2 protein chains.
Amino acid sequence: MRVLKYAILGLLDKGQLSGYDITSKFKEEIGHFWSAKHSQIYPELKKLTEEGFVEYQIVIQGTKLEKKVYSITELGKKELHEWMNRYSPIPDTQKDEFMLKAYFVSSLSQEEAKQLFKDQLEKRGQAIAFLEERLQELEGKEEPVSFSSPDFGHYLVLSRALEREKGYISWLERMIAKIGG
Amino acid sequence: MRVLKYAILGLLDKGQLSGYDITSKFKEEIGHFWSAKHSQIYPELKKLTEEGFVEYQIVIQGTKLEKKVYSITELGKKELHEWMNRYSPIPDTQKDEFMLKAYFVSSLSQEEAKQLFKDQLEKRGQAIAFLEERLQELEGKEEPVSFSSPDFGHYLVLSRALEREKGYISWLERMIAKIGG
DNA sequence: ATTACCATGTAATTAGTTACATGATTAG
DNA sequence: CTAATCATGTAACTAATTACATGGTAAT
């Protein structure tokens, strides 16, 4: 499937980036839904260059630090567009280690089960405030964020990440009540 | 992390299973949140046997078909319990190829974007009716499903899978309205 | 007979993480 | 000067998928 290939092409379609910049992007906005380590990114960039989907210029940072700044080619844009419009099947499995534990809950005592769920609730709760702030920043800047806004993609990932987390938390709360004890 | 190891131990803790049975389990209930192919399961079972966490008996099906029926050992139960009570960090990234496309939405026309979201909504909608039925079956059988029920783990995965899907869909609907056109 | 399913394995490849390795720049 | 960050790569390993390979069972 080579999803990383398309992730990189999509990022470069927004503007020129170095391998390091791409690594950083995966720690920000889009990191909620896709990421990769630099050790996977550099070889992929090399491959994409060989395939003609991207190209790079060497830029000198300071006096000697060589930086490779990548751009998407016309061929790369075509490839990206083809993927964007191609139907990608929804995977049957969305892996979630906590839910695997939940399925095996009968191997725990009621107290242990309650602790497991409460710990999960606490950890999941920590991310929400941060996401809510980011979303309000975006919405405050421009309300409502519309399709034509350059921030629309950002808005989509933020709002989805927030809702996903909220949904998880409300389910956890209901299940904690159900476990009782 | 070896999550598959614990997935297998957890399944065997509920009862004896062959490698084929484990493969089947990953296509049912728990398959929403974890799965593996038989080509990954058989070597893992071999490793778990060597490590003393599981053991097997050979059972003859029909006249010559040899089946290995695995059981969890005391050591395996200890190992499973340790993992169940160990805190597993929530991954920063929960990969979702559709959301990656959503982030790159600016590379699409308004019509293409709308189509992308509508297709996703349609596909996501298909799973819901099935999940809803299963959950009602379970709740009809025993209302409310409580911690002490042998079906509680099943109930947890079904209700979570359903809510996850419902949350996704309601978000998709709101975003389709926002894309407009 | 033939089809769907039961049953177990290995080989090859792709995807992803952790560790190894090096060096420059910038801000305090 | 020193710590955080910028910058790029490779090596080793683990995880997971796809393909190869074989054969038995049960129901029609």
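Given the structure is predicted, the values throughout are model-derived calculations rather than measurements.
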Ring centers of B:Tyr70, B:Phe53 separated by less than 6.0 Å = no
Assign each of B:His38 and A:Asp21 the nucleotide of DNA chain D bearing its closest heavy atom; nearer the 5' end lies the nucleotide of A:Asp21
Which listed nucleotide (C:dA24, C:dT17, C:dT10) is nearest to the side chain of A:Gln40?
-> C:dT17
Are the aromatic ring centres of A:Tyr155 and B:Tyr103 under 6.0 angstrom apart?
-> no
Can a side chain N or O of B:Tyr20 be found less than 4.0 Å away from OP1 or OP2 on C:dC6?
-> yes
Return the 5'-most residue of the pair B:Lys46, A:Leu4 with respect to DNA chain C, ranking by each residue's nearest nucleotide.
-> B:Lys46
Quick one: does A:Ser39 reach the base of C:dT18 with a side-chain donor-acceptor pair under 3.5 Å?
-> yes
Nearest whole angstrom, please: distance from the C1' of D:dG9 to the CD1 of A:Ile58.
-> 13 Å
Please state how far atom CG in A:Leu17 lies from atom P in D:dC6, giving the value in whole angstrom units.
-> 14 Å
Under 4.0 angstrom between A:Tyr42 side-chain N/O and D:dT8 OP1 or OP2 = yes
Out of C:dA15, D:dA7, C:dG16, which has the shortest distance to the side chain of A:Arg2?
-> C:dA15
For B:Lys5, which of B:Glu44, B:Glu82, B:Glu79 qualifies under salt bridge (charged side-chain N to carboxylate O under 4.0 Å, His left out)?
-> B:Glu79
Euclidean distance, atom NZ of residue B:Lys27 to atom C1' of C:dA4 [Å, nearest integer] = 13 Å
D:dT17 phosphate, OP1 or OP2, under 4.0 Å from B:Lys37 side-chain N/O | no
Taking OH from A:Tyr56 and P from D:dT8, how many angstroms apart are they, rounded to a whole number?
-> 11 Å
Check whether any side-chain N or O of B:Gln61 sits under 4.0 Å from OP1 or OP2 of C:dA7, and answer yes or no.
-> yes
NZ of A:Lys67 versus C1' of D:dT5: gap in Å, rounded?
-> 12 Å
B:Ile22 atom CD1 is separated from C:dG9 atom P, nearest whole Å, by 11 Å
Check the distance between D:dA16's P and A:Lys95's NZ and give it to me in whole angstrom.
-> 4 Å
What's the CD-P distance between B:Glu44 and D:dT14, to the nearest Å?
-> 12 Å
Tell me yes or no: between the side chains of B:Ser18 and B:Asp21, is some donor less than 3.5 Å from an acceptor?
-> yes
Hey, is the main chain of A:Ile179 close enough, under 3.5 Å, to the side chain of A:Gln110 for a donor-acceptor pair?
-> yes
Closest nucleotide of DNA chain C for A:Lys64 versus for B:Ser24: which of these residues is on the 5' side?
-> B:Ser24
